[in-house]
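Since the structure comes first, as structure tokens, the remarks are kept for the end.
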There are 2 protein chains.
Amino acid sequence: MSDVARAAGVSAATVSRALRGEPGVSEATRRYVTEVAKRMRYAIARDASSLAGGRRYAVAVLAADVGRGDLLAGAEGALRGAGYDVLLYVLRDADARARFFEELPLGRRVDGVLALAPDLADAEVAALASLEVPVARVREDDLRASVRTAVDHLVGLGHRDVALVLADDESYDDVLVAAGLEVRPEWTVWSSPTVAGGEQAVDALLDGERPPTAVVAVGGEVALGLLLRLRRDGREVPRDVSLVALDGGDLVRAVGVTAVEVAWRERGEHAVSALLAGLRGEEAESEPPAPRLVVRDSTGPVG
Amino acid sequence: MSDVARAAGVSAATVSRALRGEPGVSEATRRYVTEVAKRMRYAIARDASSLAGGRRYAVAVLAADVGRGDLLAGAEGALRGAGYDVLLYVLRDADARARFFEELPLGRRVDGVLALAPDLADAEVAALASLEVPVARVREDDLRASVRTAVDHLVGLGHRDVALVLADDESYDDVLVAAGLEVRPEWTVWSSPTVAGGEQAVDALLDGERPPTAVVAVGGEVALGLLLRLRRDGREVPRDVSLVALDGGDLVRAVGVTAVEVAWRERGEHAVSALLAGLRGEEAESEPPAPRLVVRDSTGPVG
DNA sequence: CTGAAAGCGCTAACAT
DNA sequence: ATGTTAGCGCTTTCAG
């Protein structure tokens with residue numbers, strides 16, 4: 001930096017101020033210094049800058065797995081754009097995770113933490129808080145909104161008999177009711193999140209005396225299983241039955257299944273903006289972007 | 001650090017040496033200092049350490065997209081294990097990429113660069129080299145080995161009539177010949193890398209007078225397209241025709257298609273070991289891990 | 001084997 | 001608006 005200062009005929013302090021956009025430098029000087037620096041291919045040494053200034057210009061990004069690639073990419077882009085480096089920590093398995101939270105290797109290394117790991121235990125959240133830097137999290141998704149979006153789409157196409165293939169033991173009867181649809185217990189089935197699970201669900205659903213005209217399935221594997229089985233049984237999608245997947249990723253995109261998809265990239269960017277607010281000392285809480293309907297070829301008007 | 005030094009009754013220099021495993025400290029002292037440091041929850045400040053020592057304990061990881069999640073995860077794990085921080089740079093689109101290589105924001109920030117972007121231009125490689133730190137790359141895959149593995153598997157099952165559905169305009173006739181198989185021009189077709197492309201390929205392949213008994217397809221979409229169309233046409237897989245995908249990812253895993261998969265995680269780890277060698281000043285070149293056959297339900301004995 | 005002293009390259013007060 | 005002066009928290013000679 002002193003080289004640049006000498007070349008520009010100013011002091012190092014001025015170079016520092018100019019390059020960082022700090023106030024207290026005339027525009028002319030700033031422009032000139034910036035130009036000289038670029039010509040000399042000079043860039044501020046982050047270590048020294050951090051050491052002297054206290055700010056680290058880096059954010060730790062915790063990823064449970066890197067499967068949701070767009071989430072990570074979105075976060076990285078937004079952070080980079082805001083001038084922060086991204087320190088990636090992959091919390092692959094329970095082991096790596098335990099080690100991470102035990103060592104908590106972030107002390108004095110980052111200005112903030114972005115946790116893309118959706119399911120943090122209370123103790124883990126507390127551990128992050130103990131770092132005394134802002135923390136932002138991407139939370140587990142609330143499927144309710146997605147189900148609503150899917151059902152609305154189907155209702156718009158004239159469907160009244162809508163079945164749900166769910167994981168776990170959730171129930172979204174209320175969503176169906178709110179949409180003015182009839183609720184029949186045999187129209188909600190729970191399935192393992194696999195292709196085989198989806199295939200089996202077809203039996204449970206369409207063998208009854210009053211088969212639904214549309215099915216909403218959680219997850220790409222299940223949706224794919226449904227699709228495969230329907231086709232093999234000679235049923236046309238969407239002519240005989242419409243199909244909407246909830247967040248199926250590449251799987252359903254590839255086969256043209258209409259889906260309600262989480263906007264992962266935008267979620268990442270949204271989380272970053274929350275973190276940046278925290279870094280500014282603000283508290284700006286806002287809603288993450290809603291899941292969006294992507295209409296493909298598996299839904300059509302009720303036959 | 002001076003606090004720890006005081007508490008341990010030694011000098012800061014000794015603490016530094018002890019904590020970094022530098023020689024020149026008695027085992028007893030090292031043990032004691034380490035213990036005191038842990039008790040005080042002290043960790044060396046990376047910035048100061050880097051500034052004073054010249055080493056940065058960080059590696060830049062360049063990812064073209066984060067789709068190959070396991071590649072990134074493998075690299076991260078290996079680097080972390082070796083004591084390096086991971087600075088992630090996502091080179092999403094041409095724009096981000098151009099900007100990155102123009103600014104080349106790595107100067108004096110990392111000890112090495114790991115380029116997971118498979119298709120670096122010569123100028124980009126040169127730019128990285130200009131950083132004067134070790135660079136390791138994960139290269140584009142050579143499909144030839146994968147094709148060979150797939151064909152060997154099929155031959156082992158008794159197949160003699162093997163078709164290839166390829167992207168681009170490659171040819172692997174030589175692989176077929178080497179396996180002692182008959183080569184018929186109509187058994188090699190080129191397809192767009194989509195489900196639709198795979199579906200079309202079925203027509204080209206199985207309508208002839210002598211349909212192959214097995215098909216090798218590049219990519220998950222194509223393989224999935226083949227599978228879907230075969231089923232719809234009433235052909236059983238693998239009874240009527242066996243199917244092997246080359247690197248289809250989740251798509252083919254989900255539907256149980258036998259595949260030759262790139263060992264992405266291991267590729268990441270391998271690349272890191274090459275980089276670490278470079279950081280040690282060595283040159284150790286070794287072969288990346290070979291793609292591996294994962295037998296699922298889409299291949300069976302001929303006939 | 002250990003300690004003292006001199007920076008590493010910056011930034012932040014304080015002057016001017 | 002700019003320059004000067006102290007460090008930031010370590011690592012590294014160089015002594016002892």
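Chain letters run A, B, ... following the sequence lines, proteins first and then strands; every chain starts at 1.
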Exercise. Which pair of heavy atoms, one from A:Arg108 and one from B:Ile44, lies closest together, and at what distance?
Worked result: NH2-C, 4.1 Å
Whole-Å distance separating the [atom1] atom of [X] from the [atom2] atom of [N]:
X       : N      : atom1 : atom2 : answer
A:Arg17 : D:dT5  : CZ    : C1'   : 12 Å
B:Leu51 : D:dG9  : CG    : C1'   : 9 Å
A:Glu22 : D:dT2  : CD    : C1'   : 14 Å
A:Asp47 : C:dT11 : CG    : C1'   : 14 Å
A:Arg31 : D:dA1  : CZ    : C1'   : 16 Å
B:Tyr32 : C:dT2  : OH    : P     : 13 Å
B:Arg56 : D:dG9  : CZ    : P     : 19 Å
A:Met1  : D:dT2  : CE    : C1'   : 14 Å

Looking at [Y] and [X], is there a salt bridge between them, counting it only when a charged N and a carboxylate O are closer than 4.0 Å?
X        : Y        : answer
B:Arg267 : B:Asp141 : yes
B:Glu266 : B:Arg292 : yes
A:Arg144 : A:Glu170 : no
B:Asp85  : A:Arg109 : yes
B:Asp95  : B:Arg99  : yes

Give one of base, sugar-phosphate or nothing for [X], where a contact means two heavy atoms less than 4.0 Å apart.
X       : result
B:Ser2  : nothing
B:Gly24 : base
A:Thr29 : sugar-phosphate
A:Ala13 : base

Is the distance from OP1 or OP2 of [N] to the nearest side-chain N or O of [X] less than 4.0 Å?
X        : N      : answer
A:Arg55  : C:dC10 : no
B:Ser26  : C:dT2  : yes
A:Thr14  : D:dA1  : no
B:Tyr42  : D:dC10 : yes
B:Arg20  : D:dT11 : yes
B:Arg108 : C:dC10 : yes
B:Arg30  : C:dT2  : no
A:Ser49  : C:dC10 : no

Problem set entry | Distance-only donor-acceptor test, A:Arg46 side-chain atoms vs C:dG9 base atoms, 3.5 Å | no
Seminar exercise, completed: With the side chain defined as heavy atoms from C-beta on, B:Ala52 is closest, among C:dC8, C:dT11, C:dG3, to C:dC8
Seminar exercise, completed: Side-chain atoms of B:Ile44 come closest, of D:dA1, D:dC10, C:dT2, to D:dC10
Problem set entry | Residue mapping more 5' on DNA chain C - nearest nucleotide basis, B:Ala48 or B:Ser11 | B:Ser11
